[in-house]
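Only a predicted model underlies this, so the values are computations on that prediction, with no experimental measurement involved. Below, read A as the first sequence line, B as the second, and so on, with proteins coming before strands; counting in each chain starts at 1.
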Amino acid sequence: MTGLRIPPEAGPEERATEFADAAEPHSQASARPAGRFGVAGWLRWGWRQLTSMRTALILLFLLAVGSVPGSLLPQEGSNPEAVAQYYTAHPKLAPILARLSLFNVFGAPWFAAIYLLLFLSLVGCVLPRTVRMVGSARQPPPRAPRHLARLPLSVSYRTEQPPEQALASAARLLSGKRFRVRAEADWVAAEKGYLREAGNLLFHIALLAVLVSIGLGGLYGYKANRLLVAGTSFSNTVTALDVFRPGRLVTPGDLQPFSLTLDRFSASYVTSGTLMGQPSAFNAALTYTSAPGGPSRRYVLTVNHPLVVDGVRVFLIGHGYAPEFRVTDGTGHVVLDGPVPFIPVETSGFTSEGAIKVPDASPQQLGFVGVFLPTTVDVGGRLASAFPAPLKPSVSLVSYAGNLGMNSGTPQSVYTLDTAGLHQLAVAPRPLTAGQSIQLPGRLGTLTYLGYRQWISLAITYDPGQFPALVSGIAVLGGLLLSFMVRRRRVFVRARAGAAGETIIDVGGLSRSDAAGGFEDEFSSLATEIRGAIDGSPGRPEEHWGDHEPPEGE
Amino acid sequence: MFRPPDYARRAAVGAALAPVVLSAAVVLSAAACGGGATAQQTAEGNGSSFVSGTYGTTVFRPGARPVAPQVTGTTLTGTRYLLSADRGAVVVLNFWGSWCSPCREEAPALGALARHFSAAGVRFVGVDIRDDTASAEAFMRTFRIGYPSLNDPSDAIALDFSGTVPPAGIPTTLVIDRSGRIAARIVGTASYDGLEALITSVERA
């Protein structure tokens with residue numbers, strides 16, 4: 001925007017020339033050699049390249065291409081469980097992909113780079129254009145060409161009216177038709193369709209507003225995930241969230257202080273036909289308060305119907321089973337009593353896997369690796385789950401004792417067991433049904449499988465830029481439509497005295513839009529009306545057209 | 001007993017200890033630390049309300065200490081607790097969970113400090129987050145924690161602090177002065193020496 005010089009005293013015409021001379025943004029990038037201009041020349045050249053249409057299109061394309069891995073690979077923001085699964089499935093590839101931020105594409109530095117460059121490119125394009133269009137919209141109609149017959153549309157006729165009166169009549173008629181009129185001694189120039197410029201302006205400003213809105217969301221918005229077991233609650237605080245991705249300017253105190261309880265969760269599945277086992281409905285019955293001490297409200301959360309609380313949207317993005325266990329250690333103390341969320345590893349039978357860690361069991365720490373089968377079937381001696389609903393649930397466990405490695409402070413996965421410091425216990429591997437127990441050898445303790453609960457996983461998103469982005473998006477479309485549909489067109493009238501004392505009237509018409517069409521009809525009817533106005537004017541000598549105030553354009 | 005997948009992911013992704021959760025806290029503390037998760041001394045900041053900082057530690061100058069909110073709750077053993085009842089004593093409030101490795105790492109130091117400062121009248125109170133009571137009590141037996149812990153299954157206590165000094169991760173330790181104002185916050189594992197120095201400075205003031 002350094003290339004823009006706006007002399008405040010310059011008239012509209014000079015200003016227009018000024019802008020024509022200034023860097024023509026989003027035109028073909030000039031390939032002018034810049035070497036001899038030195039640093040400033042290179043900067044100018046770089047700026048022109050950046051703000052050229054070609055660069056903007058390439059960046060837009062890159063942005064689109066960059067989003068592709070976001071839909072091909074699981075994303076941490078939307079589906080952290082799937083990312084964890086991807087790690088188990090591709091232990092070599094996953095760290096490389098993570099290094100390239102491919103599990104968090106929209107937060108990746110390279111994505112931000114593309115976005116920022118595009119923003120810069122668009123700003124560099126839109127701002128000068130905007131200023132130019134303001135100038136163009138305020139510009140009065142240009143001088144009438146000398147030879148109107150050379151215009152694409154023209155008509156000529158004779159009249160008895162003196163030239164001044166004829167021109168005054170024509171100007172009055174055109175003004176009445178909402179043309180912007182400029183009248184001089186022997187010609188009248190009129191222009192219409194300034195809404196096209198307004199549309200153009202709206203389009204460009206709204207485009208900037210879209211980008212600013214998205215940026216606003218990035219700065220002040222946040223995304224979070226939380227796994228919630230049926231019958232339990234959580235509050236929207238950083239410590240209660242499993243994953244928290246704040247925008248740059250978000251602090252933990254900015255989180256909207258709502259609390260939420262999952263009362264019940266139910267999943268329905270298709271029970272017959274080719275779609276058997278496919279989910280048909282998920283319903284999560286919630287009770288929530290938008291602030292501590294506030295009134296409790298109820299909401300049934302379903303897929304794609306988020307709960308909106310205090311501007312924050314809470315989506316249901318997943319579900320699973322959390323078998324409940326009670327572990328009594330070798331000293332007779334109950335050392336664990338509650339649900340342990342297991343992660344589904346396949347969807348047709350919802351076979352789920354998880355780890356139970358009992359770090360405070362005595363005399364030895366205990367660990368279990370488990371598989372939960374909602375509908376247990378025996379397939380040739382191997383157990384599997386035949387249906388995702390809990391028709392015949394069971395859990396199979398492998399038991400370990402030793403050192404869980406949890407006291408060193410190094411965070412570890414809650415879904416997997418690090419067996420490096422553990423030894424497997426000799427327990428007959430049989431599936432447990434609700435109420436059944438495992439007696440651990442060596443008086444290490446007892447584990448009882450009590451039953452199961454269901455859990456849901458929630459995506460919590462706050463994006464203050466979303467609504468402004470929607471409004472600006474609509475404005476972008478509106479501006480675009482306006483600039484496409486409105487044609488900028490000019491009509492010129494010249495009057496001169498003929499040899500025989502009559503007046504020769506020339507009317508010429510010009511449409512500035514490429515996509516003109518239909519202007520011929522408008523012009524011919526206008527020309528007819530002008531002729532009628534001139535011939536039919538009663539001729540009031542006292543009225544001078546110069547007193548006629550041309551109306552402000554549309 | 002909800003074991004946050006948070007830690008799962010962090011370990012799986014192989015990220016350093018400084019997690020996403022903590023990053024906001026780091027931004028908050030004026031002492032801009034360049035180091036990793038290890039404690040790193042930094043120069044004293046001037047002009048801000050924060051005086052000094054170790055990684056994850058925020059110390060508030062006496063004049064700029066935020067007032068601690070009303071904290072009420074039920075302890076794991078079922079008795080009512082009111083933070084305001086401890087007005088006049090220095091209170092160390094520790095947010096923890098038995099499932100949380102950094103909490104297990106700092107637990108021996110906290111237990112020892114509670115015994116060390118008991119004669120001086122410093123109160124230690126835990127806030128147990130995302131835990132089941134059986135696991136929490138087992139944790140307290142393991143680490144010989146003698147002070148009470150509030151059961152906070154719906155994060156109501158953490159939420160109470162959101163307007164002042166929100167716990168920005170687990171564990172978070174707050175030191176509250178005799179007049180009920182928050183004097184310091186440690187996000188992440190508290191070390192014996194670091195916390196002892198903080199308590200001493202608040203206790204002697």
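From A:Thr237, atom OG1 reaches atom CG of B:Asp160 across 10.0 Å, with rounding to the nearest 0.5 Å. Rounding to the nearest 0.5 Å gives a distance of 9.0 Å between CD of B:Glu137 and NE2 of A:His333. Residue B:Ser162 holds its OG atom at 10.0 Å from CG of A:Asp254, rounded to the nearest 0.5 Å.
Under a cut-off of 6.0 angstrom, the local environment of OH in B:Tyr81 is crowded, with over 12 non-hydrogen atoms contributed by other residues, nucleotides or ligands. Applying the 6.0 Å contact sphere to CZ of B:Arg80 captures more than 12 heavy atoms from other residues, nucleotides or ligands. Heavy-atom neighbours of B:Arg144 CZ from other residues, nucleotides or ligands within 6.0 Å: at or below the threshold of 12.
Side-chain contact between A:Asn407 and B:Phe143: present, with at least one pair of heavy atoms (C-beta onward) separated by less than 4.5 Å. Side-chain contact between A:Thr232 and B:Pro153 is absent, with no heavy-atom pair separated by less than 4.5 Å. At least one side-chain heavy atom of A:Pro359 sits less than 4.5 Å from a side-chain heavy atom of B:Arg104.
Contact between A:Ser235 and B:Asp155 at its shortest, heavy atoms only, is N-OD2, 3.0 Å. Taking both residues in full, the closest heavy atoms of B:Pro166 and A:Gly253 are given as CG-N, 3.6 Å, listed atom of the first, atom of the second, then distance. Of all heavy-atom pairs spanning A:Asp360 and B:Ser135, the tightest one is OD2-O, 3.9 Å. Of all heavy-atom pairs spanning B:Arg141 and A:Val335, the tightest one is NH2-CG1, 3.9 Å. Taking both residues in full, the closest heavy atoms of A:Gln412 and B:Ser101 are given as CG-OG, 4.2 Å, listed atom of the first, atom of the second, then distance. Contact record, B:Arg130 with A:Thr239: CD-O, 4.3 Å, taken as the closest heavy-atom pair.
With chain A as partner, the option from B:Leu159, B:Thr133, B:Asp152 having the largest number of non-hydrogen pairs under 4.5 angstrom is B:Leu159. Between chain B and the residues A:Ser408, A:Pro292, A:Ser259, the largest count of heavy-atom pairs under 4.5 Å involves A:Ser408.
Contacts between A:Pro95 and chain B at a heavy-atom distance below 4.5 Å are absent for every atom of the residue. Proximity to chain A (any heavy atom under 4.5 Å) is restricted, for B:Ala156, to the backbone atoms N, CA, C and O. Proximity to chain B is limited to the backbone of A:Asn236, based on heavy atoms less than 4.5 angstrom apart. Contact annotation for A:Gln256: neither backbone nor side-chain heavy atoms come within less than 4.5 Å of a heavy atom of chain B.
Ion pairing of A:Arg326 with B:Asp132 is absent here, as no side-chain N (NZ or NE/NH1/NH2) approaches a carboxylate O to less than 4.0 Å.
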